[in-house]
Amino acid sequence: MQNLMVTGGAGFIGSNFTRYMLEKYPNYHVVVYDKLTYAGNLDNLKDVAENFPGRYAFVKGDICDADTVRETIHAHDVDTIVNFAAETHVDRSIMNPDAFIQTDVYGTYVLLEAARELELERYHQISTDEVYGHVPEGASRETDPVAPRSPYAASKTSGDLMVNAYHVTYDLPVTITRGANNIGPYQYPEKVVPLFVTNALDDVPLPLYGDGLQMRDYQYVVDHCEAIDLVLHKGQIGETYNVGTGSEMCNIDMTHLVLELLGKPESLIQPVRDRLGHDRRYSLDVRKICRLGWEPVHSCAEAIEKTVRWYVDNEWWWRPIKSGEHYQAYYKQQYEGREIE
Ligand code: NAD
Ligand code: TYD
């Protein structure tokens, strides 16, 4: 394994993973294959393009486009696909699920077919804790039944099921990781932590859904990248591994911490109408990946602290996104008139 195709590599986690792998393995080559949707951004890979000119390449392409996927695999002698490409935001999946079905389900199938036909060494699927659905108590294990509840979660679950089917049916060498909520550098400011940090920096209200008591495991993105690396090299073929800190924080506590770190007042918190079908809690049992030799470095609070610092220091990255037409229209559609007293 040394020629990776990182699909969705111009997004948040994929760009962090590309940087991590090129820094760690001097003999690896990475071709990022990305459609550059609203969430894909070559600014995320600016330093990578500068620092690794001979070992990094970018191809603009859709994972649903079988011909371009195959051409890219041939042209770059790809032996491994790591699939991050997806529509990823639950609220957008509630507004319009179509692209989620296309990319997260059909696109996954197209990549699997290419991996099978071209006999790649490995296909790795990046999945999510959301496939387990709302977890009222305890923690989800990899063997638990999946019970997705949002269109996003259902599309990601369908992708996972197809990955497993290709392993069982065609003996395709696959692995899957299911990550908790990632935070860190280059996360599009629609997800709650970068949204709240950047709003607070501008003294704009923080739209907190419902009672704010929903629980999430906020994990630092580089910890997640380490886990994916470990599974690629030491994971067992056909297996799925949960990746999270194993701890959790409710949204209201996360919000207070963000405001405290920025020295901003709590009066910025604006309760808004809850998300439809909102999963109140996710929780992952991470003992399986820990047995493989991994452990999370950052707690949720440490991850939030580092993330806040990055957004404070990197206005060049997020200001153009937030002032752009696409973001402004999305924000209006998503939040206008949603306030509750
Ligand atoms: P992101 O939205 O930041 O990036 C997604 C990337 O995929 C973008 O660069 C986009 O241009 C690209 N893309 C979308 N559709 C495509 C298509 N049809 N063809 C090619 N490229 C396409 O997402 P992220 O937060 O980095 O998430 C990456 C992966 O990790 C996703 O599969 C997601 O489900 C999973 N995941 C995310 C989290 C999280 O907290 N962000 C947690 C667990 C799992
Ligand atoms: P999000 O970042 O969208 O991730 P996910 O729903 O995939 O876990 O949301 C994280 C939590 O924050 C979730 O409980 C919903 C909540 N949330 C808000 O309270 N306000 C917001 O504006 C957003 C985007 C999310």
Side-chain angles (χ1 to χ4, degrees), residues 6-17 32-42 44-45 59-65 68-69 82-94 99-100 102-104 106-108 110-111 125-131 134 150 152-153 155-157 159-160 176-184 186-196 199 205-219 221 224 228 242-244 249-252 254-255 269-275 277-282 284 330-331 334-335 338:
V6 176
T7 51
F12 162 48
I13 311 176
S15 62
N16 278 283
F17 178 75
V32 165
Y33 183 94
D34 197 296
K35 185 181 174 183
L36 296 182
T37 67
Y38 77 95
N41 182 351
L42 288 178
N44 301 2
L45 292 161
V59 173
K60 183 167 190 267
D62 189 331
I63 60 166
C64 299
D65 173 358
T68 314
V69 164
V82 186
N83 179 30
F84 292 88
E87 289 292 332
T88 61
H89 194 42
V90 173
D91 293 316
R92 288 184 195 255
S93 83
I94 293 168
F100 289 74
Q102 280 301 322
T103 292
D104 304 9
Y106 185 75
T108 298
V110 168
L111 294 176
Q125 177 79 349
I126 306 297
S127 183
T128 165
D129 57 3
E130 306 198 19
V131 302
H134 164 58
S150 72
Y152 164 66
S155 71
K156 289 296 293 184
T157 307
D160 283 15
I176 298 176
T177 42
R178 291 182 173 152
N181 284 60
N182 278 226
I183 56 174
Y186 305 106
Q187 186 170 33
Y188 193 86
E190 65 188 349
K191 305 291 194 299
V192 74
V193 171
L195 174 70
F196 280 14
N199 276 16
L206 315 190
L208 187 67
Y209 294 171
D211 60 11
L213 295 178
Q214 306 83 8
M215 308 291 282
R216 293 291 186 271
D217 175 352
Y218 292 103
Q219 118 175 283
V221 63
H224 187 196
I228 299 164
N242 290 339
V243 185
M249 196 182 254
C250 72
N251 287 336
I252 188 79
M254 175 276 293
T255 309
I269 300 174
Q270 172 61 64
V272 299
R273 219 170 40 247
D274 207 352
R275 171 187 281 172
H278 196 166
D279 287 337
R280 285 188 76 78
R281 178 171 178 266
Y282 302 126
L284 290 176
Y330 166 77
Y331 202 87
Q334 181 64 22
Y335 294 106
R338 193 167 166 173

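Indexing begins at 1, ligand by ligand and atom by atom, following the structure's order. The basis for the numbers below is simple: all heavy atoms, side chains too, and nothing from hydrogens, waters or symmetry mates.
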| message | Determine whether a donor-acceptor pair (N or O, by modelled atom type, separation under 3.5 Å) exists between the side chain of Ser127 and the backbone of Gly179. | response | no
Min over Val110, Leu111, Thr128, Ile13 of heavy-atom distance to atom 37 (C) of ligand 1 lands on Ile13
If you compare Gly179, Ser127, Cys64 by their heavy atoms, the one closest to atom 44 (C) of ligand 1 turns out to be Ser127
- Task: Could you tell me whether some N/O pair between Phe196 and ligand 2 is separated by less than 3.5 angstrom?
- Result: no
For atom 25 (O) of ligand 1, the closest protein heavy atom turns out to be Phe12 CD2, 3.6 Å
Going by the 4.0 angstrom heavy-atom rule, the piece of Ala99 near ligand 1 is neither
>> Below 30° counts as parallel, above 60° as perpendicular, anything between as tilted: where do the rings of Tyr330 and His89 land?
In response: perpendicular
Tyr218 heavy atoms within 4.0 Å reach ligand 2 at atoms 10 (C), 11 (C)
Leu195 heavy atoms within 4.0 Å reach ligand 2 at atoms 22 (O)
In this structure, OH of Tyr209 is separated from CG of Asn251 (nearest 0.5 Å) by 10.0 Å
Are any of the N/O atoms on Arg216, whether in the backbone or the side chain, positioned under 3.5 angstrom from an N/O atom of ligand 2? yes
For this session: Indicate yes or no: does an N/O atom of Asp279 lie under 3.5 Å from an N/O atom of ligand 2?
Result: no
protein heavy-atom neighbour closest to atom 6 (C) of ligand 1 works out as Gly8 O, 3.7 Å
**Cation-pi geometry met for Arg178 and Tyr282 (6.0 Å, 45°)** = no
Are any of the N/O atoms on Asn251, whether in the backbone or the side chain, positioned under 3.5 angstrom from an N/O atom of ligand 2?
yes
Among Ala86, Ser15, Gly40, the residue with a heavy atom nearest to atom 14 (C) of ligand 1 is Ala86
ask   = Under 3.5 Å, is there a donor-acceptor pair between the side chain of Glu87 and the main chain of Thr103?
value = no
Quick note on ligand 2: atoms under 4.0 Å from a heavy atom of Glu130 include exactly 5 (P), 7 (O), 8 (O)
A student checking ligand 2 against His89 at a 4.0 Å heavy-atom cut-off should list atoms 3 (O)
Within the 4.0 Å heavy-atom cut-off, what Tyr152 brings close to ligand 1 is side chain
One finds that the ligand 2 atoms under 4.0 Å from a non-hydrogen atom of Leu208 are 19 (O)
Among Thr88, Asp62, Val221, the residue with a heavy atom nearest to atom 23 (O) of ligand 1 is Thr88
Near Gln214 (heavy-atom distance under 4.0 Å), the atoms of ligand 2 are 14 (O)
Closest heavy-atom approach to atom 20 (C) of ligand 1 among Gln219, Lys35, Gln102, Glu87 is made by Lys35
A student checking ligand 2 against Glu190 at a 4.0 Å heavy-atom cut-off should list atoms 24 (C)
From the list Asn242, Asn181, Asp279, side-chain contact (heavy atoms from CB on, under 4.5 Å) partner of Asp129 resolves to Asn181
Discussion item. With respect to Tyr282, determine whether any N or O atom, backbone or side chain, lies less than 3.5 Å from an N or O atom of ligand 2.
Written reply: no
Is the count of non-hydrogen atoms from other residues, nucleotides or ligands lying under 6.0 Å from Tyr331 atom OH greater than 12? yes
When distances are taken from atom 30 (O) of ligand 1, the protein heavy atom at minimum range is Ile126 CG2, 3.3 Å
For Pro207, the ligand 2 atoms with a heavy-atom partner under 4.0 Å come out as 18 (C), 19 (O), 20 (N), 21 (C), 22 (O)
Quick check: Lys191 and ligand 2, any N/O pair under 3.5 Å apart?
no
So OG1 of Thr68 and CD1 of Ile63: to nearest 0.5 Å the spacing works out to 12.5 Å
